[in-house]
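Could you have a look at this structure, given as structure tokens, before my questions?
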Amino acid sequence: MFADERKDRLKAIEDRAKAELGLCRAKPGGREEIRGMFLRSTRYARRRHERRQAGGFVMSYGAILVLLILLVALWKLLLVL
């Protein structure tokens with residue numbers, strides 16, 4: 001029924017200090033946190049993730065190569081006909 005505001009405020013300050021020092025977690029680590037660790041580990045993965053989040057179109061070089069080959073094949077086919 002009774003709440004001591006000073007204790008609550010002190011507890012919040014302690015939790016914030018522990019979180020800044022990395023001594024405790026505010027919530028248990030989940031799938032997204034683990035995934036975030038891997039995405040931040042390399043520059044390539046981080047940039048690719050940022051491009052996807054920004055709505056940029058990310059296409060691998062292999063897919064571009066396949067599309068070019070198909071385009072050339074279609075062009076040759078149309079020249080023959």
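In what follows, residues are counted from 1 in the order of the sequence shown. Atoms considered below: every heavy atom in the structure, side chains included; atoms not considered: hydrogens, waters and symmetry mates. Bear in mind the structure is a predicted one, so any value in this text is a computation, not a measurement.
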### Query
Can you name the residues that form a side-chain contact (heavy atoms from CB on, under 4.5 Å) with Ala73, not counting sequence neighbours?
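In terms of side-chain contact (heavy atoms from CB on, under 4.5 Å), with neighbours along the sequence ignored, Ala73 is linked to no residue.
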### Message
I'd like to check the salt bridge (Lys or Arg N to Asp or Glu O under 4.0 Å) partners of Asp4; sequence neighbours left out, ordered by chain and number.
### Response
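For Asp4, the residues satisfying salt bridge (Lys or Arg N to Asp or Glu O under 4.0 Å) (neighbours in sequence not counted) are Arg6.
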### Task
Tell me who clusters with Val66, hydrophobic residues only, linked when side chains sit under 4.5 Å apart either directly or through other members.
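Direct or chained contacts put Val66 with Leu70.
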#### Entry: Listed partners of Leu77 passing side-chain contact (heavy atoms from CB on, under 4.5 Å), at least two apart
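Not a single residue meets the side-chain contact (heavy atoms from CB on, under 4.5 Å) criterion with Leu77.
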### Query
Could you give the distance from NZ (Lys18) to CD (Glu14), rounded to the nearest 0.5 Å?
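Taking NZ in Lys18 and CD in Glu14, the distance rounds to 6.0 Å.
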#### Entry: From CG (Asp8) to CD1 (Ile13), nearest 0.5 Å
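So the gap between those two atoms works out to 11.0 Å.
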### Task
Quick one: name the residues clustered hydrophobically with Tyr44, using the 4.5 Å side-chain heavy-atom rule over I, L, V, M, F, W, Y, and just say none if it's on its own.
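None; Tyr44 is a cluster of one.
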### Query
How about Arg46: does its CZ atom have over 12 heavy atoms from other parts shown lying under 6.0 Å from it?
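Atom CZ in Arg46 is crowded, with more than 12 foreign heavy atoms closer than 6.0 Å.
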### Task
Please go through Leu79's hydrophobic cluster and name the other residues, only I, L, V, M, F, W, Y counting, with side-chain heavy atoms under 4.5 Å joining them.
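Members besides Leu79, by chain and number: Trp75.
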